[in-house]
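This report refers to the structure that appears directly beneath it.
Note that these values count all heavy atoms, side chains included, but never hydrogens, waters or copies made by symmetry.
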Amino acid sequence: GFAHYNRSEGVGAYNNDGTLKSNARVIYVTANNAKTVSLPITTSTKGEETRTGLQNIIAAFEKGLETRPLAIRIVGTVKAADMDAFGSSAEGLQIKGKSSAYSANITLEGIGNDAAIHGFGILCRSISSVEFRNFAIMLCMDDCLSLDTDNKNVWIHNMDFFYGGTGGDADQAKGDGTVDIKGKSSHVTVSYNH
C-alpha cells in the first residue's frame with residue numbers, strides 16, 4: 001500500500017519480511033506499567049536520557065535524534081487513568097516528530113486478542129514511518145486515530161475502532177471519526193480494520 005511508498009526498509013519497527021529492524025527495541029505496556037515503563041532515548045547530541053511513562057517516552061522522539069526503531073506492545077487494556085500523561089488534551093496519546101522527514105520507525109501493536117486502549121485516542125503530527133496494528137481503540141476522546149498535520153508513511157491495519165465521546169455536530173451523536181487524515185498527511189494505508 002501507499003504507506004510503503006519509497007520505504008524499502010519497511011514501515012514502523014519492522015522490516016517488510018516481518019522481522020524487527022536492526023537495533024529495534026521493544027517495550028511491553030500494560031495497565032500496571034504505563035506510568036512506570038522506562039527506556040533510554042537519545043534526546044541531545046550529548047546522548048541519552050531515561051524517560052519514564054509511555055507518553056514521556058514517545059515525546060522524546062520530538063527531538064528527531066533517536067534513530068533506533070521502537071515496537072510498543074500493548075498487553076491487555078490500558079485505560080486513560082493508567083497513563084502517565086497525554087500530549088494532546090483533545091485526542092490523548094501524541095506521537096510527534098521534528099518534521100515528516102524524520103522516520104521515527106515506531107510500531108504500536110497489540111499482543112493477544114484483548115489488547116486495547118480505552119478512554120483516549122492517538123494523535124500523529126509531523127512524523128513518518130509509524131505503524132498501528134492488532135489492538136482496539138475504545139471510547140476515544142475525539143478521533144480514534146488522528147493524522148493531523150504533515151505525516152508520511154503511516155500504516156493502520158487490523159485494528160478495531162469503537163465509538164468515541166459524543167461530539168457537538170449532528171453527525172457525531174455516537175462520537176466523531178475513527179481515522180482522520182488531514183493537514184498534508186500522505187502515503188497512508190488504512191486496511192483490514194473493523
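N33 pairs by the side chain to side chain donor-acceptor pair (under 3.5 Å) definition with T30, not counting sequence neighbours. Residues meeting the ring pair (Phe, Tyr, Trp, His ring centres under 6.0 Å) test with H187, sequence neighbours left out: Y5. Residues satisfying the ring pair (Phe, Tyr, Trp, His ring centres under 6.0 Å) criterion with F86, sequence neighbours excluded, are F120. Partners of D150 by salt bridge (Lys or Arg N to Asp or Glu O under 4.0 Å), not counting sequence neighbours, listed by chain and number: K152. Under the rule for a salt bridge (Lys or Arg N to Asp or Glu O under 4.0 Å), the partners of R25 that lie at least two apart in sequence or sit in another chain are E66. Taking E131 as the reference, R133 meet the salt bridge (Lys or Arg N to Asp or Glu O under 4.0 Å) condition, with sequence neighbours excluded. T178 pairs by the side chain to side chain donor-acceptor pair (under 3.5 Å) definition with nothing, not counting sequence neighbours. Residues passing the side chain to side chain donor-acceptor pair (under 3.5 Å) test with K21, sequence neighbours excluded: N105.
Remark: S186 OG to N153 CG distance equals 7.0 Å, nearest 0.5 Å. Considering CD1 of I74 and CD1 of I27, their distance stands at 9.5 Å, rounded to 0.5 Å. Rounded to the nearest 0.5 Å, atoms OG (S191) and CG (N158) are 6.5 Å apart. Atom CG in D84 sits 9.5 Å away from atom OG1 in T36 (nearest 0.5 Å). Atoms OG and NZ, on S88 and K96 in that order, are 10.5 Å from each other to the nearest 0.5 Å. Note: E91 CD to L123 CG = 5.5 Å, rounded to the nearest 0.5 Å.
The hydrophobic cluster containing W155 also includes V11, under a criterion of side-chain heavy atoms closer than 4.5 Å among ILVMFWY residues, counted directly or through chains of members. If you chain together ILVMFWY residues whose side-chain heavy atoms come under 4.5 Å of each other, I111 ends up grouped with Y14, L20, V26, Y28, V75. Connectivity analysis of hydrophobic side chains (ILVMFWY, heavy atoms under 4.5 Å, direct or indirect) links F162 to M138.
For the pair F132 and C144, the minimum side-chain heavy-atom distance is 4.5 Å or more. Side-chain contact between R7 and S129 is present, with heavy atoms from C-beta onward closer than 4.5 Å. Counting heavy atoms from C-beta on, the side chains of D160 and I137 never come closer than 4.5 Å. D180 has its side chain out of reach of D148: every pair of non-hydrogen atoms, C-beta onward, lies at least 4.5 Å apart. Using a 4.5 Å heavy-atom cutoff, the side chains of L147 and K182 are not in contact.
Closest non-hydrogen pair, E48 versus P40, comes out as OE1-CB, 3.3 Å. Closest approach of T77 to A31, counting heavy atoms only: O-CB, 3.5 Å. Residues A13 and P69 share a closest heavy-atom pair of CA-CB, 3.9 Å. Taking every heavy atom of both residues into account, T189 and A3 meet most closely at OG1-N, 2.9 Å. Shown here for A116 and F135, the closest heavy-atom pair between the two residues is N-CB, 4.4 Å. Scanning all heavy atoms of the two residues, the minimum distance from N16 to H4 falls at OD1-CD2, 3.2 Å.
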Steps toward side-chain contact (heavy atoms from CB on, under 4.5 Å) verdict (L145, D143): CA-CA 5 Å; L145 274 170; D143 302 314; over 6 Å; no

Test side-chain contact (heavy atoms from CB on, under 4.5 Å) on N193 and I156; report intermediate values, then the result. CA-CA 8 Å; N193 300 298; I156 302 163; 4.1 Å; yes

For S38 and T50, run side-chain contact (heavy atoms from CB on, under 4.5 Å): C-alpha distance rounded to whole Å, both residues' side-chain angles, the deciding distance at 0.1 Å, then the answer. CA-CA 7 Å; S38 63; T50 298; 3.9 Å; yes

Run L108 and I122 through side-chain contact (heavy atoms from CB on, under 4.5 Å) and show every step you take. CA-CA 11 Å; L108 273 83; I122 300 171; 4.1 Å; yes

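For the 3.5 Å distance criterion, the side chains of R73 and T107 fail to qualify, holding no donor opposite an acceptor.
In this structure, N151 contributes its side chain and S128 its backbone to no donor-acceptor pair below 3.5 Å.
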Indicate every side-chain donor-acceptor pair of residues 53-65 with a distance under 3.5 Å to a residue at least two apart or in another chain.
unit_1, atom_1, unit_2, atom_2, d
Q55, OE1, G87, N, 2.9
Q55, OE1, Q94, N, 2.9
Q55, NE2, Q94, O, 3.0
N56, OD1, R51, NH1, 2.8
N56, ND2, T52, O, 3.2

